[in-house]
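So that the names make sense, note that chain A is the first sequence line, chain B the second, and so on, each numbered from 1. In what follows, every heavy atom counts, from backbone to side chain, and hydrogens, waters and symmetry copies are set aside.
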Number of protein chains: 2
Amino acid sequence: MSDQIFARRPTLEAVAERAGVSRATVSRVVNGGSGVREALVEKVRRAVEELGYVPNQAARTLVTRRTGAVAVIAAEPETEVFTNPFFAEQLLGISRELAAHDHQLVLLLTEEAADYERVGRYLAGGHVDGAVLFSLHNDDPLPEIVRQVGIPTVFGGRPGWPGAEADRSLLYVDSDNRGGAREAVNHLISLGRGRIATITGPMDQVASVDRLDGYHDMLMDADPRLIVEGDFSEPGGARAMTALLDRAPELDAVFVASDLMALGALRVLRERGYRVPEDVAVVGFDDMAKVAEHTDPPLTTVRQDIEEMGRLMVRLLLRSLDRQAKDAPVGRPLSSVIIPTRLVRRATA
Amino acid sequence: MSDQIFARRPTLEAVAERAGVSRATVSRVVNGGSGVREALVEKVRRAVEELGYVPNQAARTLVTRRTGAVAVIAAEPETEVFTNPFFAEQLLGISRELAAHDHQLVLLLTEEAADYERVGRYLAGGHVDGAVLFSLHNDDPLPEIVRQVGIPTVFGGRPGWPGAEADRSLLYVDSDNRGGAREAVNHLISLGRGRIATITGPMDQVASVDRLDGYHDMLMDADPRLIVEGDFSEPGGARAMTALLDRAPELDAVFVASDLMALGALRVLRERGYRVPEDVAVVGFDDMAKVAEHTDPPLTTVRQDIEEMGRLMVRLLLRSLDRQAKDAPVGRPLSSVIIPTRLVRRATA
DNA sequence: CCGAATTTAGAGAGCGCTCTCAATGATCCT
DNA sequence: AGGATCATTGAGAGCGCTCTCTAAATTCGG
């Protein structure tokens, strides 16, 4: 039990002395060791080992201006980030990819106004090299904050505030919501369905709008009564389905913009005595783990690879950091990425 | 669009010059401003404002040896940290409490052997002031790592490795698993049940053992056939219930060590035609949000305040950091905290 | 109104590390 | 062999901030 809690950790200096070389040489060895004779490298390595030397990150950051950390920022309040499996899976992807590149993950949640200020200060303080940002609603102040701070940022989901489209410097990763919706609706059409309704997500989120756009792409002049706005929750889906059935009892298919809402819709359909898919075909969106497969009947849905989204966000961010670091502006400018979706056929359509 | 991405941020020096004072004075103002004339304070404040000055954390850390960040470490592999609502809620509490104290949350997940080494290096590098650790299994190497690094740590859940009990310096936050279990079983007894079985959690986790101990406290010589080990999952609970029913069909009550397992148990009981609670009374553990209330029938269970656990872990850690910082060893030594549980009566018992 | 006590401000020494630049010795070419 | 080239190494200057220590300014008692 050698509890060294208060003992100061050894410094570069100490290692240098022990190895009988200069600080510079130790630094070189610690950071890759090129240009140092093998004999010395060995000596330094041994000294490092014996002293249990670990570089002090603060000192290093002070001169390199690199922290090796990335902030993950999300607005918690309305969406209960953690309980949201969508976010959880993205976070997992982010965490894994960061670990793979030896970077750290600093989690920044905002709930109240004061938090925004805190986050701004934090980012400006140079704690992190870049940020990955989930700005779930279009009126969120976070994007403006990161812009002001001037910190490299990658957005999760296509930014939706006014002017965002035009700004090519904005980096984001999104799934192909519109294409996925198109594929879903197309599938319903190919099944011979003629009255295809849709339950959308909240219209202040870009993903919802995109999915609705995809619906419209295939059904140019859809009856407005066939379109109801939901809120991405199970009960919301149930409410929307109820509304739909009241307004247009003759519908024979529904494209539901999320699996969770589809769950609610399925429940209402069952309660009202509709058979799925015979009377009403249903297609969801997400292919959420532990949900879509276990609905009754198993849900046909549009799969998006959430973890991969997280990973790609990190990769994009790190690449953009490399760009601005070295004087190596090689290649063409980085651009956002859209991840393809894929229809997973199960039993509801 | 004043994109200042590459512009260096202003330094203390710059503020000092602008305000016409020394660096020291600016530093004093920025850090509380006591001992500086009001006139100067005002001048410095203005300069800070005009320049948009934000202290560089790396430089500050280098001298103060304080980072204002805390690591949250968890072993991801087996338990899928993020999907685990238990952990999610704890993380939420941790995040909120840290934010309240203006500290940052660095998330460290370990999946493979290489990650442990990375985490060790990270902690030793002085990136964080302390750590909050979830070591879910007794053979996890993380506790040993934090010990070696000598970083102040608070454990989530009572540490269970050999010798842990004796070590009073170990700080942890746990709920009163044993007491909660006792209360659950006691309730079943008071209902007049005579054959009370239990489905435990995995026996390599302390919480499971504690809950089983609570069961034994009330049922000193329980029939071993009435005890089956589960794995905290829904299907695991179902399997365990099946086994129980096969071994001891005459049972009239079950204390299930988690809500998720209770869910599975309820399902099996229903399938086998047992009425709950008439034939078999059931009590769960956790009072998990969105689960316990919505089972059929609603689950009677032992409530533990998970978010509060997270908050307390942080509070304990920060207090312990304060202790070792100042030369102010006021008061008696810090000690671990056990959070009380509470029986929530619903319909299953 | 003067010296002592008390505030308030500035100078300057680091914190531990990286990185440029110059010095050293080894190697090469004609 | 002699100068040029190249590979290694060390010296030392910061990075931006805090903090101690001293100097200057202010207050106060007698």
Is any side-chain nitrogen or oxygen of [X] closer than 4.0 Å to OP1 or OP2 of [N]?
X: A:S27; N: C:dC17; answer: no
X: A:T11; N: C:dG16; answer: no
X: A:T25; N: D:dG10; answer: yes
X: B:R37; N: C:dT8; answer: no
X: B:N56; N: D:dC15; answer: no

| task | Take B:N31 and A:L40, find for each the nucleotide of DNA chain D with the closest heavy atom, and name the residue whose nucleotide sits nearer the 5' end. | result |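 Closer to the 5' end of DNA chain D: A:L40.
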Separation of [N] [atom2] from [X] [atom1] (nearest whole Å):
X: A:E17; N: D:dT9; atom1: CD; atom2: C1'; value: 18 Å
X: A:Q57; N: D:dC15; atom1: CD; atom2: C1'; value: 14 Å
X: A:E38; N: D:dT8; atom1: CD; atom2: P; value: 11 Å
X: B:R23; N: C:dG12; atom1: CZ; atom2: P; value: 10 Å
X: B:L12; N: D:dT18; atom1: CG; atom2: C1'; value: 9 Å
X: A:E13; N: D:dA11; atom1: CD; atom2: C1'; value: 12 Å

| According to the interplanar angle, ranging from 0 to 90°, do the rings of B:H127 and B:Y122 count as parallel (below 30°), tilted (30 to 60°) or perpendicular (above 60°)? |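 It falls in the parallel class, under 30°.
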Taking only the side-chain heavy atoms of [X] (C-beta and beyond), determine which of [options] contains the nearest atom.
X: B:A59; options: D:dT18, C:dG16, D:dG16; answer: D:dG16
X: B:S22; options: D:dC17, C:dA11, C:dT18; answer: C:dA11
X: B:R28; options: C:dG10, D:dC17, D:dG10; answer: C:dG10
X: B:V36; options: C:dG12, C:dA9, C:dT18; answer: C:dA9

| message | How about CD on B:E17, more than 12 heavy atoms from neighbouring residues, nucleotides or ligands closer than 6.0 Å, or not? | response |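 It does not: B:E17 CD has 12 such atoms or fewer within range.
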| message | Tell me if the CD atom of B:E307 is crowded by more than 12 foreign heavy atoms within 6.0 Å. | response |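 Count over threshold, so yes.
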| Closest contact, heavy atoms only, A:V132 versus A:F134 |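 Of all heavy-atom pairs spanning A:V132 and A:F134, the closest is CG1-CE1, 4.0 Å.
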| Do you know the tightest heavy-atom contact between A:A75 and A:L142? |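 Result for this residue pair: N-CD1, 4.4 Å.
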| request: Classify the nucleic acid contact of A:R65 as base, sugar-phosphate or nothing, counting any heavy atom under 4.0 Å across all strands shown. | output: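 Contact class for A:R65: sugar-phosphate only.
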| request: Take A:L62 and B:V21, find for each the nucleotide of DNA chain C with the closest heavy atom, and name the residue whose nucleotide sits nearer the 5' end. | output: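 Checking each residue's closest nucleotide, the 5'-ward one belongs to B:V21.
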